[in-house]
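Single-structure report; data block below.
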2 protein chains.
Amino acid sequence: MNLTSIYDKKLRNSGLRPTKQRIKICEALFDSEKTFHFSINDLANIINNKSSLKISLATIYNTVHAFKEKGYLKQIPLNTNQAYFDTNISDHHHFYDVNDKKLIDLDNSDVGPINIYKKINGKKIKSIEVLVKLED
Amino acid sequence: MNLTSIYDKKLRNSGLRPTKQRIKICEALFDSEKTFHFSINDLANIINNKSSLKISLATIYNTVHAFKEKGYLKQIPLNTNQAYFDTNISDHHHFYDVNDKKLIDLDNSDVGPINIYKKINGKKIKSIEVLVKLED
DNA sequence: ACAAACTTTAGAATCATTATAAACTACGAA
DNA sequence: TTCGTAGTTTATAATGATTCTAAAGTTTGT
């Protein structure tokens, strides 16, 4: 089965129609084995620079949010003015290099087990994310 | 020594002139023993609702950034559209309740030791921040 | 009291993101 | 296949947070 039909199935299974825009966004995000980090603007540039089909910013926003909802993307908690997303949806963490303003994955195996001793009544833990800031 | 003169000294020591706006912002932030989390808008409301001296938004932005630079405030890494700050500048972490959209401090003692095994050449760790998302 | 440097401010500008509503497309039923 | 409906895309406008600007005001050392 080729990638396009995999994306087609993925979209259908999520209740999203496999439009050519969404397939193209899937290609930009998931064709490579390597995962990566991106802002909406990064993604718009990646797609609209190397393809004849231009996709509007609104569609890219909509699609990224839909994919985030469906769990195909994660948003990275950061204190920057724009949102950053990750195609690596495994449980993992991040380095943030404050000088180079770059994100680097920290696999779960790169971080020792994290124990949270405090409990909040009626709430359960949904995720644990570690941000390690780096400087020169 | 009263609080106002402590703030005066704090500001002078940081190379910031102790203007009445900055003193008032210090009062709003640091008078209470309790630390708290706030957005710029929260802070503007706190100050401008309970005081006759109205401080412009621009000044509040400037001052919060200056205080963050000086280490009197911390910005909390989150994926929200607006910036959140913390008057608790000790090493600590956060719960974020995704249903109630509320932040709760997680003291260092509430979290087991965190070990980072990965190293990046020429970079050193500046901070480690854990965000624990909670849901119902 | 004075000049220089620093601050505050209102308002404009910018940037990221979301909303709108009209045109377009996919899809299932007939 | 054709049609109607629901879902999608798009340009553009609207919003909201934040930053910039430049003029007016304040602080400070002398």
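In what follows, chains are A, B, ... by sequence order, proteins preceding strands, each numbered from 1.
The distance between atom CG of A:Leu43 and atom C1' of C:dT17, rounded to the nearest whole Å, is 15 Å. One interatomic measurement links the two molecules: CG of B:Asp8 to P of D:dT28, which rounds to 8 Å at whole-angstrom precision. Remark: C1' of D:dT27 and CG of B:Leu16 are 13 Å apart, rounded to the nearest angstrom. One can place CG of B:Asn62 at 13 Å from C1' of C:dA10, the figure rounded to the nearest angstrom.
Between B:Leu57 and B:Pro18, the residue whose closest nucleotide on DNA chain D is further toward the 5' end is B:Leu57. In this structure, B:Ile55 and A:Tyr84 both approach DNA chain C, and ranking their closest nucleotides by distance from the 5' end singles out B:Ile55. Comparing A:Lys54 and B:Lys20 against DNA chain D, the residue whose closest nucleotide sits nearer the 5' end is A:Lys54.
The shortest distance between the side-chain N/O atoms of B:Arg12 and the OP1/OP2 oxygens of D:dT27 is not below 4.0 Å. Note on B:His65: every side-chain N or O is 4.0 Å or more away from OP1 and OP2 of D:dT18. For D:dG25, neither phosphate oxygen OP1 nor OP2 lies less than 4.0 angstrom from any side-chain nitrogen or oxygen of B:Gln21. Taking 4.0 angstrom as the limit, A:Thr59 places a side-chain polar atom (N or O) nearer than this to OP1 or OP2 of D:dT10. At D:dT19, none of the side-chain N or O atoms of B:Tyr61 fall inside 4.0 Å of OP1 or OP2 (strictly under the cut-off). Considering only side-chain N and O atoms, A:Thr19 lies under 4.0 angstrom from the phosphate OP1 or OP2 of D:dT9.
If you run side chain to side chain contact (heavy atoms under 4.5 Å, CB included) between A:His94 and each of A:Ile76, A:Leu106, A:Ile104, A:Asn88, only A:Ile76 comes through.
In this model, no side-chain donor or acceptor of B:Arg17 finds a partner on the base of C:dT7 within 3.5 Å.
No salt bridge links B:Lys124 with A:Asp136; every basic N to acidic carboxylate O contact stays at or beyond 4.0 Å. A salt bridge does not link B:Lys74 with B:Glu129: none of the charged nitrogens is closer than 4.0 Å to a carboxylate oxygen.
The distance from atom CZ of B:Phe30 to atom CZ of B:Phe67, rounded to the nearest 0.5 Å, is 5.5 Å. If you take CD1 on B:Ile40 and CG on B:Leu57, they are separated by 8.0 Å, rounding to the nearest 0.5 Å.
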